[in-house]
S.K.: 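Got a structure for you, questions after.
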Amino acid sequence: MRLSRYFLPVQKETPAEAEIVSHRLMLRAGMIRQASAGIYSWLPLGYKVLRKIEDIVHDEQQKAGAIPVLMPTIQSADLWKQSGRYDDYGAEMLRIKDRGDREMLYGPTNEEQITEIAGAGIRSYRDLPRILYHIQWKFRDEVRPRFGVMRGREFLMKDAYSFDLDKEGARASYNRMFVSYLRTFERMGLKAVPMRADPGPIGGDMTHEFLILAETGESGVFLDRDLAELTLGDSAIDWEDAPALQETVDRYTASYARTDETHEEAVFESEIPEDRRLMARGIEVGHIFYFGSKYSKPLNATVNTPDGEVVPFESGSYGIGVSRLAGAIIEASHDDKGIIWPEAVAPFEVAVINLRQGDTEADGACADLYAKLTARGLDVIYDDRDERAGAKFATIDLIGIPWKLVVGPRGLKEGVVELVNRRTGETENLPPEDAMNRLAATYGRA
RNA sequence: CGGAGCGUGGCGCAGCCUGGUAGCGCACCUGUUUUGGGUACAGGGGGUCGCAGGUUCGAAUCCUGCCGCUCCGACCA
C-alpha cells in the first residue's frame, strides 16, 4: 500500500476523552473512531489488526478441533426466557422489539442459541464430543464503558461451546481449549497467564481467566514468577492425546496464579517463596469455564447414551475478547513514540520510508523495493508522501510497524538501505537485496 | 447506579464570570523555502458555538428543559 493513497487519519494531538495509552494510541494512529459511548468504527488500520487477531484465533480454534459457525447478533427472547436468563441478565442486555412487537435482544452471549442448535443436531453419544465456536459482535449495555475498545459496549468476541456426554469428556474439551488459548496468545506475541477464576455456583476447578501482564491492567494479579516464564514455544501439540493435554494444563496450573478477585494472601505466602512472588497488573483477554448442564437441562438439549438413557449435554464455554485484544496488545507493547506491534498482528509487516520524495534515485529504489517485497508476499506500507523524513518516521513509529526500510540518496550512493527494528531501534546498513532477504526470512516468506 | 465535569471548524483549546462583527495552535489548501528524525515564512478555505425554548434592541455568553460525551467509585469478554 502506498501511504499517499491510503486512509490513515493520524493525529498529533491526543483526543481529550482518551485516558489510557492504548485508547490514545488507537485514536492517534487512526485505527478507530468513536461512534457513540462504547461503540467504535474500525478504520482501515484498526480493521487490519482486528482481522489478523481474528485469523489467528480462527486458526488455533480449528487446529484444536473446534468447528466454526456463525450465529446472529439479534436473538429472540424466547430461548432466554426458557433458560431463565431473560430476567436474570438485567439492564446490561439490550432489549428491542420488532415491528410485530416481538421481544428481541442484541446478544450479549450465545449459550442459549448454541445449545438449541446442538440439541437439535446432536442426538446420539456417537456424535460427541463437539466444540462449536463463532466470532461475532456482542452487545452489553455496560453502565460505564471506558478505555476505548478495552471495555466497549459493542465488542467482538470468540465464543466456543463444548458438548460432551459426561464430565470426564467435558474436562477433555476444557483442556483442549485451555492449551489452544496458550498457543493463541503466544502467537500474538503475548504473555498470557491462566489464573484460577471464581467458579461461582457451579463450583469445581474448571474455570480460568487468561490475563496478559501489562502495567496498565485493570486487575491486580498475584502469581508464581515461574508460571510467567512458561512457554509452549514451537512444541508440537497432539490434540488427540488427552493425557498429554492434561499434562500441559497441569503444568500451567501447578502453582499459584490468581487475580485480586480470588486472591488469598495467606495461601500465596505459604505456597510461594518470597523471591518467586510476582505481583503485577493484568488484562483479561480470555475466560473459559465448565458449566455442566446449566443450559442443556432447561433447554432440553439431550443425547442418547449407549445404554439408551437420555441425558443433557455436559458443556463449557470459552471466550476470547477479540476486539479487546487489539487494545490489550498495545497496552503490553508500546513506547513514547507509539505502538510496537508484534510481527504476527502488525497491520503492515514493513514500512518503506523514502527520505527524499521526488529524488529520482530514491523514488526509483523505493518503488523497486516496494514491488519486490510485495511480490514476495510481504505486506508493505510505502511512505511515499511528500513529507520530511521526520514526519514519516513519526507516523510510521506511531502506527507501530515492526520494521522500517529507510531509503535515501546518501545510502543509495553507498549501495545500502537501512533496516530498522521498531522494538529495539537496532539499525543495519545493508544492500537492498540483503535487507529484503532478511525481511522475507523474518516473516517466513520465500 | 452514586459523585464530578465537559459540549465552540477534523483534533487540542481560549472566549462565557461582566451579552455587542467567533478566535488561537495543530491539521488542510496555494505559493516560496527547506530537505537523513514532526522546516520556516506568506496567503487562504472551513464553524447551525450540542438541541429546543425563554429573557433582551442584540445571546457562544444570562435563564429553563432536554440530549450527548468524559472522568472517579461500585460491577463486567
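Model, not experiment: these values are computed from the prediction. Every chain is numbered from 1, with letters handed out A, B, ... down the list of sequences.
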S.K.: Establish, yes or no, whether a centroid distance under 6.0 Å links the rings of A:Y181 and A:Y318.
M.R.: no
S.K.: Between A:V10 and A:M150, name the one whose nearest nucleotide on RNA chain B is closer to the 5' end.
M.R.: A:V10
S.K.: Find the distance A:Q11:CD to B:A27:P and express it as a whole number of Å.
M.R.: 12 Å
S.K.: For residues 412-436 of chain A, which residue pairs pass the ring-ring contact (aromatic ring centres under 6.0 Å, His included) check, not counting sequence neighbours?
M.R.: none
S.K.: Hey, does the side chain of A:K12 come within less than 4.0 Å of B:A27's phosphate (OP1/OP2), counting only N and O?
M.R.: yes
S.K.: Please confirm whether A:Y174 and A:Y290 have ring centers closer than 6.0 angstrom.
M.R.: no
S.K.: Distances for protein N/O vs nucleotides 67-71 of chain B N/O pairs under 3.5 angstrom?
M.R.:
unit_1, atom_1, unit_2, atom_2, d
B:C69, OP1, A:A37, N, 2.9
B:C69, O3', A:Q34, NE2, 3.1
B:U70, OP1, A:Q34, NE2, 3.2
B:U70, O3', A:E17, O, 3.3

S.K.: Can you measure A:E92 atom CD to B:C1 atom P for me and round it to whole angstrom units?
M.R.: 13 Å
S.K.: With heavy atoms under 4.0 Å as the rule, sort A:D397 into base, sugar-phosphate or nothing.
M.R.: base
S.K.: Could you tell me which residues satisfy side-chain contact (heavy atoms from CB on, under 4.5 Å) with A:D55, sequence neighbours excluded, listed by chain and number?
M.R.: none
S.K.: How close or far is atom P of B:A27 from atom CZ of A:R385, stated in whole angstroms?
M.R.: 12 Å
S.K.: I need the full list of ring-ring contact (aromatic ring centres under 6.0 Å, His included) pairs touching residues 44-75 of chain A, with sequence neighbours left out, sorted by first then second residue.
M.R.: A:H58-A:Y133
S.K.: Atom CD of A:E261 and atom P of B:C75: how far apart are they, to the nearest Å?
M.R.: 8 Å
S.K.: Using heavy-atom distances to pick each residue's nearest nucleotide on RNA chain B, tell me which of A:V420 and A:P15 is more 5'.
M.R.: A:P15
S.K.: Is there ring stacking between A:F155 and B:A77, where the centres must be under 5.5 angstrom apart and the planes under 30 degrees?
M.R.: yes
S.K.: Got a list of side-chain donor-acceptor pairs under 3.5 Å for residues 384-391 of chain A, not counting sequence neighbours?
M.R.:
unit_1, atom_1, unit_2, atom_2, d
A:D384, OD1, A:L3, N, 3.4
A:D384, OD1, A:S4, N, 2.8
A:D384, OD1, A:S4, OG, 3.0
A:D384, OD2, A:R2, NH1, 3.2
A:D384, OD2, A:S4, OG, 2.7
A:R385, NE, A:D383, OD1, 2.9
A:R385, NH2, A:D383, OD2, 2.9
A:R385, NH2, A:T395, OG1, 3.2

S.K.: Find the distance A:E218:CD to B:A74:P and express it as a whole number of Å.
M.R.: 11 Å
S.K.: Of all of residues 343-360 of chain A, which get a heavy atom below 4.0 angstrom from RNA chain B, listed by number?
M.R.: A:L355, A:R356
S.K.: Below 3.5 Å, can you tabulate the donor-acceptor pairs from side chains in residues 182-193 of chain A to any protein atom, sequence neighbours excluded?
M.R.:
unit_1, atom_1, unit_2, atom_2, d
A:R183, NH1, A:S235, O, 3.2
A:R183, NH2, A:G233, O, 2.9
A:R183, NH2, A:S235, O, 2.8
A:T184, OG1, A:S180, O, 2.7
A:E186, OE1, A:L232, N, 3.3
A:E186, OE1, A:G233, N, 2.9
A:E186, OE2, A:L232, N, 2.8
A:R187, NH1, A:D59, OD2, 2.6
A:R187, NH1, A:E60, OE2, 2.7
A:K191, NZ, A:A228, O, 2.8
A:K191, NZ, A:L230, O, 2.8

S.K.: For a quick check of understanding: with a heavy-atom distance under 4.0 Å over all strands, which category does A:T109 fall into, base, sugar-phosphate or nothing?
M.R.: nothing
S.K.: Where do N or O atoms of nucleotides 29-34 of chain B meet protein N or O atoms at under 3.5 Å, pair by pair?
M.R.:
unit_1, atom_1, unit_2, atom_2, d
B:U34, O2, A:R388, NH1, 3.1

S.K.: I'd like to know whether the aromatic ring centres of A:H287 and A:F289 sit less than 6.0 Å apart in this structure.
M.R.: yes
S.K.: In residues 399-410 of chain A, what donor-acceptor pairs under 3.5 Å come from side-chain atoms, sequence neighbours left out?
M.R.:
unit_1, atom_1, unit_2, atom_2, d
A:W403, NE1, A:E343, OE2, 2.8
A:K404, NZ, A:D397, OD1, 2.6

S.K.: Just how far, in rounded Å, is P of B:C26 from CG of A:L398?
M.R.: 19 Å
S.K.: Which residues pass the ring-ring contact (aromatic ring centres under 6.0 Å, His included) test with A:Y252, not counting sequence neighbours?
M.R.: none
S.K.: Which donor-acceptor pairs under 3.5 Å do the side chains of residues 68-77 of chain A make with protein atoms, sequence neighbours left out?
M.R.:
unit_1, atom_1, unit_2, atom_2, d
A:Q75, OE1, A:W80, NE1, 2.7
A:Q75, NE2, A:T109, O, 3.0
A:S76, OG, A:D78, N, 3.1

S.K.: What residues, two or more places apart in sequence or in another chain, satisfy salt bridge (Lys or Arg N to Asp or Glu O under 4.0 Å) together with A:E92?
M.R.: none
S.K.: At under 4.0 Å between heavy atoms, what does A:P409 touch on the DNA or RNA strands: base, sugar-phosphate, or nothing?
M.R.: base
S.K.: Give the rounded distance in Å between these two atoms: OH of A:Y161 and C1' of B:A77.
M.R.: 10 Å
S.K.: Looking across every strand, which nucleic acid part, if any, lies under 4.0 Å from A:G30 by heavy atom: base, sugar-phosphate, or nothing?
M.R.: nothing
